[in-house]
There are 2 protein chains.
Amino acid sequence: MDLPSTRGLQALAALKKAPSLSKAAETLGVTRSALSHRIAELERQLGVTLVRQVGRCGKLTEDAESLLMVMGDALDRIEAAVTPLRRRRGQLRISTVATFASHWLIPRLPDWQHLNPDVELAISTTTRTIDLTNEDFDCAIRHGLGDWKGLTATRLFNETLLPVAHPHISELSSNSTVIRARSRFRDWNRWWRLSGKVGDPPGRSVVVETRAQAMDAALAGAGIAAMDLAYAAPHLASGRLRALDATVPLPEGYYLVTKGGHKSRADTIRRLEIWLLSQAQTNNPQG
Amino acid sequence: MDLPSTRGLQALAALKKAPSLSKAAETLGVTRSALSHRIAELERQLGVTLVRQVGRCGKLTEDAESLLMVMGDALDRIEAAVTPLRRRRGQLRISTVATFASHWLIPRLPDWQHLNPDVELAISTTTRTIDLTNEDFDCAIRHGLGDWKGLTATRLFNETLLPVAHPHISELSSNSTVIRARSRFRDWNRWWRLSGKVGDPPGRSVVVETRAQAMDAALAGAGIAAMDLAYAAPHLASGRLRALDATVPLPEGYYLVTKGGHKSRADTIRRLEIWLLSQAQTNNPQG
DNA sequence: ACAACGTGTGAATATATCTCACGCAATATC
DNA sequence: GATATTGCGTGAGATATATTCACACGTTGT
């Protein structure tokens, strides 16, 4: 059975409450003409006259009255069911890793808010890799090779490591103190090998828990950190950190990941993607 | 507040009952693809994920479940409200005068039914002129000058009077017996004058109640009737009646009259109009 | 590996819906 | 009575929504 559109029924219901079609149109925020057409379309679908012009106002016929009577508060029910869901419309839920959030995304948030005042980014950081298809996130930003199956991934930037330290540290040698993050312990070894150094990296090291702490330690002058260029860039630009050697690219990168299935707000995600890519190019947050 | 379309909600409801999207589509009589798009559109409007692919079937999210829960039987209510009205869809209610119905329209009904098996004509004959704008008729066929204000009238044919009688009556003279219908008593005088005769019509007359009875009386050989050509034509063709003198046109005619306002089934009425006009040209019912 | 099933997606097309400008009818106002 | 004023319906044109078809992807059996 083919149901009539909500628009038509809504028009009829509004017409019952308001004295005239014009007033009803006003309450719905559309033209009188639109309402007139809605009624006409509904009448065409049902094959019944619903509104009859008496005097200079429209009056509902018995058919229309009975329709509304039987329908009851069906429209209100629908509205009640739909409203709480719609409330979350202006929000884009993003899951990402802590370092990316605090050292890349969050510093750039003011720019996003300026360009997209209607979309609030809700950033959620987790240590574990979240299962996008089962949890209620619209997208995620992940670190890896971009080969997550069943998901669409667009590369934001490749990871590139370089040794950075407080400006008063002027060189990297076998005597230097290096800062290692437990979560990315192998970074120093990888940089060492990829940059063509021989032997092992300096043995003297400070070990911290997370990469964010490694950054803090480097800023404080505790030693030399192998940091991602994207994260170090603002500090290098401001002079709070100094690059001590070559920058080497890693095969991994940072990716914006979206799930398949019905994408509930594909257009907003698309805007986010474009913005992220443009931000990834400038490599520096505003302000 | 902008309500989502019934189609989308209906799709969601069907998806809850059926195990898979394909089955749901079957129950609604549309393609799987259509249902998929409906859901996607609904999700876009609400900005919420409603269906999530788990395994190889789609499963409703909590949001979708709660939506359906709050909405309750709203859709059923709408369907219940709409169904009884739709039942009258295949019917076109026509109000007309008795003579036109019995001597013109009804003999032609088989042809209409053959051409339009989906539309049943419900013919209602009344002596009084019905108020189309207030009563539940889709259209009317009226006799008159076609100047009914507020209504749209299309002429089917002009009225044309001629004297007819049983074939054994061979001439119209001042000695003839004329048949008069009380409802159209002046017809004989009008014909007499308009056909250029001098003096008065024959004084010897049989008076019956209606024009239909006048026709019967003429067929029975009771005298000469001043009959409308459109009504007499089939009898003239079959030889049961004979035309005894000139045919004179009257200013009145028969009109298909439709009301303004929202025309609940303009397309069907349009088909009726075309059919009536074609029938008016042939001037003879089939069979 | 391969087929069978269940889906999502994009293009092309058909419906629905909206706004705008216009004309007509019924009331108000002079 | 003439003349605004209010309330409508209608057609054209633009935009949004729905539908189908053909195709590609992932999952589940054999």
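- To the nearest angstrom, P of C:dT9 lies 14 Å from CG of B:L35.
- Here the side chain of B:D138 pairs a donor or acceptor atom with the backbone of B:R93 at under 3.5 angstrom.
- Comparing the local axis fitted to the first five base pairs of the helix from C:dA1-D:dT30 to C:dC30-D:dG1 with the one fitted to its last five gives a bend of 30°, rounded to 10°.
- A:P249 and A:T160 make their closest contact through CA-CG2, 3.9 Å (heavy atoms, listed as atom of the first residue, atom of the second, distance).
- In this structure, NE2 of B:H37 is placed 14 Å from P of C:dT7, rounded to the nearest angstrom.
- Contacts of B:S36 with the nucleic acid, taken as non-hydrogen atoms under 4.0 Å apart, include base atoms.
- Taking a 6.0 Å sphere around CD of B:E159, one finds it holds more than 12 heavy atoms contributed by other residues, nucleotides or ligands.
- One can place CZ of B:R38 at 18 Å from C1' of C:dT9, the figure rounded to the nearest angstrom.
- When the ring pair (Phe, Tyr, Trp, His ring centres under 6.0 Å) test is applied to A:H37, no partner is found at least two apart in sequence or on another chain.
- In this structure, B:R32 reaches the bases: a heavy-atom distance under 4.0 Å links it to at least one base atom across the strands shown.
- Remark: of the listed residues A:F157, A:Y254, A:W104, A:Y254 is the sole one forming a ring pair (Phe, Tyr, Trp, His ring centres under 6.0 Å) with A:H143.
- In this structure, B:L60 atom CG and C:dG6 atom P are separated by 17 Å, rounded to whole Å.
- Residue contacts for A:S33: at a heavy-atom cut-off of 4.0 Å it reaches a base atom on one of the strands shown.
- Here C:dT17 presents its C1' atom at 14 Å from CG of A:L28, a figure rounded to the nearest Å.
- Nearest-nucleotide assignment on DNA chain D puts the 5′-proximal partner with B:R44, out of B:R44 and B:A34.
- Close approach of DNA chain D to chain B, defined as any atom under 4.0 Å from a non-hydrogen atom of the protein, starts and stops at D:dG9 to D:dT28.
- In this structure, A:Q53 places its CD atom 10 Å from P of C:dT27, rounding to the nearest Å.
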